[in-house]
Participant: 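Before I ask anything, here is the structure I am working with.
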Amino acid sequence: MTDNGTKGLWQHFRDFFLSKANKEFLIFLFFLLLSGTFWLMMTLNETYEKEIQIPVDVVNVTKGNVLNGQSDDFIRVTVKDKGYTIFSYIYGDKVKTVTADFKTFARGNGKGVVPGTELMKMAYSQLFSSSKITALRPDKLEFYYNDGSSKRVPVRLLGKASPGQSYYISKTVFMPDSVTILAAQDILDSVKYVFTEPLQVENITDTVVHEIGLRKIKGVKCDPEVIKVAFYPDILTEESVEVPIRAINMPEGKILRTFPARVKVVFVTGASMFRSIKPEDFSVIVDYNELADKPSEKCNIYLRSFPHGVTKAHTVVEQVDYLIEQQ
């Protein structure tokens with residue numbers, strides 16, 4: 001930039017800031033900033049109460065024992081002090097993790113308890129001397145441990161997965177489908193499976209995979225604590241197969257013949273699943289006892305069973321002609 005250009009730019013700024021209107025605006029900004037500073041200082045000098053969280057860990061676990069978890073990961077204390085002190089707790093690095101010694105608080109029965117008086121001492125160790133604690137939660141901290149006893153249990157979904165219109169959920173896969181749990185032996189014996197955290201998934205029309213945590217069980221540690229669950233939808237289709245009619249409860253020496261010998265069964269299933277469905281997966285029957293009690297020209301036929309993954313299955317007719325022969 002030339003000297004003339006620099007001088008012109010400087011002249012422009014000088015004229016802008018030294019004009020009467022802009023002088024008044026700058027004076028206004030100065031006093032606004034000054035009053036804001038005084039207000040902030042007065043505000044921070046007031047006394048306030050605020051709940052803060054202090055992380056807590058159990059340390060020095062003895063050899064041969066495994067920590068299964070804690071009832072809480074934080075001490076929650078309500079602190080009373082000047083505003084600037086409260087501000088430093090919330091936005092500064094004054095508050096650090098406190099520790100509870102395993103050997104001191106373990107009771108030898110798979111459970112340890114840190115009483116409220118000890119938690120209060122731990123909390124005060126993180127605060128300035130001017131601060132006062134007016135409330136503390138929890139009133140005690142429990143932790144659980146065992147000698148390494150474990151077992152594998154299956155995972156179950158807590159929640160619901162809903163398919164989109166004309167779809168159904170053909171398969172739900174957990175990855176892994178079971179996890180290792182560590183706990184005291186009496187707790188291990190009582191746990192048969194673990195649930196995921198609540199999950200609601202709607203309008204599924206394509207494969208969906210979610211990463212989700214496992215629901216905590218008191219005194220139990222899961223390995224891993226986070227799994228994946230995948231939902232595989234399939235489009236619904238109406239299909240049919242010809243199924244042979246079978247007589248049941250026939251007395252010895254007699255044969256029941258139906259006309260026709262096979263009947264069409266209509267059902268709804270997934271498009272990919274239909275390829276694996278066979279007529280012998282269905283069972284259509286005639287009950288001889290019903291014919292003996294109430295003889296008629298036609299016999300009733302019943303769809304007794306059908307394969308998994310099939311819905312709305314029914315025969316196209318409910319009665320057929322029949323003939324009973326003597327062998």
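Along the sequence shown, the residues carry numbers beginning at 1.
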Participant: Determine the minimum heavy-atom distance between Val114 and Phe143, stating which atoms define it.
Facilitator: CG2-CE2, 4.2 Å
Participant: Around atom CZ of Arg215, are there more than 12 heavy atoms from other residues, nucleotides or ligands closer than 6.0 Å?
Facilitator: no
Participant: With hydrophobic residues grouped by side-chain heavy-atom distances under 4.5 Å, do Met250 and Val284 end up in a single group?
Facilitator: yes
Participant: Taking the side chain as C-beta and beyond, is there a heavy-atom pair between Tyr144 and Lys221 under 4.5 Å?
Facilitator: no
Participant: Please identify which of these residues, Glu318, Lys294, Glu290, meets the side-chain hydrogen bond (donor to acceptor under 3.5 Å, both in side chains) condition with Asn300.
Facilitator: Glu290
Participant: Write down the atom of Gly219, the atom of Ala183, and the distance for their closest heavy-atom approach.
Facilitator: O-CB, 3.5 Å
Participant: Return the minimal non-hydrogen interatomic distance between Pro260 and Ile245, and the atom names on each side.
Facilitator: O-CD1, 3.6 Å
Participant: If you draw a 6.0 Å radius around CD in Glu49, do more than 12 non-hydrogen atoms from other residues or ligands fall strictly inside?
Facilitator: yes
Participant: Would you call the rings of Phe195 and Tyr193 parallel, tilted or perpendicular, taking 30° and 60° as the class edges?
Facilitator: perpendicular
Participant: Using side chain to side chain contact (heavy atoms under 4.5 Å, CB included), reason through Val79 and Lys50 one step at a time and then give a plain yes or no.
Facilitator: CA-CA 5 Å; Val79 179; Lys50 180 69 176 179; 5.9 Å; no
Participant: Kindly give the heavy-atom pair with the smallest separation between Phe274 and Thr269, and that separation in Å.
Facilitator: CB-CG2, 4.0 Å
Participant: More than 12 non-hydrogen atoms from neighbouring residues, nucleotides or ligands closer than 6.0 Å to CD on Glu280, yes or no?
Facilitator: yes
Participant: Take a 6.0 Å sphere around CG of Asp93 and say whether it holds more than 12 heavy atoms from other residues, nucleotides or ligands.
Facilitator: no
Participant: Look at the side-chain heavy atoms of Ile, Leu, Val, Met, Phe, Trp and Tyr, link any pair under 4.5 Å apart, and say whether Leu141 and Val61 land in one connected group.
Facilitator: yes
Participant: If two hydrophobic side chains count as joined below 4.5 Å and joins carry through other members, does Val266 share a cluster with Met273?
Facilitator: yes
Participant: Does CD belonging to Glu325 count more than 12 external heavy atoms closer than 6.0 Å?
Facilitator: yes
Participant: Enumerate the salt bridge (charged side-chain N to carboxylate O under 4.0 Å, His left out) contacts for residues 225-237, please, sequence neighbours excluded, ordered by first and then second residue.
Facilitator: none
Participant: Does a donor on one side chain sit under 3.5 Å from an acceptor on the other, for Asp57 and Thr97?
Facilitator: no
Participant: Do you know which two heavy atoms are closest between Ala161 and Pro163, and how far apart they sit?
Facilitator: O-CD, 3.9 Å
Participant: About how many Å separate NZ of Lys80 and CG of Leu127, when rounded to the nearest 0.5 Å?
Facilitator: 15.0 Å
Participant: Counting neighbours of NZ on Lys312 that are heavy atoms of other residues, nucleotides or ligands and sit closer than 6.0 Å, is the number greater than 12?
Facilitator: no
Participant: For Tyr322 and Leu291: C-alpha separation, side-chain torsions, deciding distance, then whether side chain to side chain contact (heavy atoms under 4.5 Å, CB included) applies.
Facilitator: CA-CA 10 Å; Tyr322 73 97; Leu291 297 177; 3.9 Å; yes
Participant: Kindly check if the number of other-residue, nucleotide or ligand heavy atoms within 6.0 Å of CD (Gln326) is above 12?
Facilitator: yes
Participant: On the 0 to 90° scale, with breaks at 30° and 60°, tag the Phe102-Tyr145 ring pair as parallel, tilted or perpendicular.
Facilitator: perpendicular
Participant: How far does CZ of Arg76 sit from CD1 of Ile54, to the nearest 0.5 angstrom?
Facilitator: 11.0 Å
Participant: If you measure from OG1 on Thr196 to NE2 on His210, what distance do you get to the nearest 0.5 Å?
Facilitator: 11.0 Å
Participant: Would you find a donor on one side and an acceptor on the other, under 3.5 Å apart, between the side chain of Lys278 and the backbone of Arg275?
Facilitator: no
Participant: Given side chain to side chain contact (heavy atoms under 4.5 Å, CB included), test Asp73 with Val56 step by step and report yes or no.
Facilitator: CA-CA 6 Å; Asp73 295 323; Val56 57; 5.8 Å; no
Participant: Pair Arg246, Ser283 - check side chain to side chain donor-acceptor pair (under 3.5 Å), show working.
Facilitator: CA-CA 8 Å; Arg246 182 170 58 89; Ser283 175; 3.2 Å; yes
Participant: Tyr89 ring centre to Lys94 NZ or CZ under 6.0 Å, with the angle to the axis within 45°?
Facilitator: no
Participant: Just how far is it from atom CG of Asp81 to atom CD1 of Ile86, taken to the nearest 0.5 Å?
Facilitator: 5.5 Å
Participant: If every non-hydrogen atom of Lys103 is compared with every non-hydrogen atom of Asn60, which pair is closest and at what distance?
Facilitator: CG-O, 4.3 Å
Participant: Between Leu303 and Phe282, is there a side-chain heavy-atom distance shorter than 4.5 Å?
Facilitator: yes
Participant: Is it true that Phe74 and Ile52 fall in one hydrophobic cluster, defined by side-chain heavy atoms closer than 4.5 Å?
Facilitator: no
Participant: Do other residues, nucleotides or ligands put more than 12 heavy atoms under 6.0 Å from the CZ atom of Arg152?
Facilitator: yes
Participant: Is it possible for you to say whether Val320 and Leu323 belong to one hydrophobic cluster, with membership spreading through side-chain heavy-atom contacts below 4.5 Å?
Facilitator: no
Participant: If you group Ile, Leu, Val, Met, Phe, Trp and Tyr whenever their side-chain heavy atoms sit less than 4.5 Å apart, what else falls in with Leu188?
Facilitator: Val153, Val155, Leu157, Ile169, Phe174, Val179, Ile181, Ile187, Val191, Val194, Leu199, Val201, Ile204, Val208, Ile212, Leu214, Ile217, Val220, Ile227, Val229, Phe231
Participant: Is a side-chain donor or acceptor of Ser170 paired with a backbone partner of Tyr232 at a separation under 3.5 angstrom?
Facilitator: yes
Participant: Spell out, as yes or no, whether a donor-acceptor pair under 3.5 Å connects the side chain of Ser149 to the backbone of Ala184.
Facilitator: no
Participant: Please list all pairs passing the salt bridge (charged side-chain N to carboxylate O under 4.0 Å, His left out) test where one or both residues lie in residues 132-144, with sequence neighbours left out.
Facilitator: Glu51-Arg137, Lys111-Glu142, Lys140-Glu142, Glu142-Lys218
Participant: Supply the atom-to-atom distance Asn68 CG to Leu182 CG, rounded to the nearest 0.5 angstrom.
Facilitator: 6.0 Å
Participant: Distance check, rounded to the nearest 0.5 Å: Leu236 atom CG versus Gln165 atom CD?
Facilitator: 10.5 Å
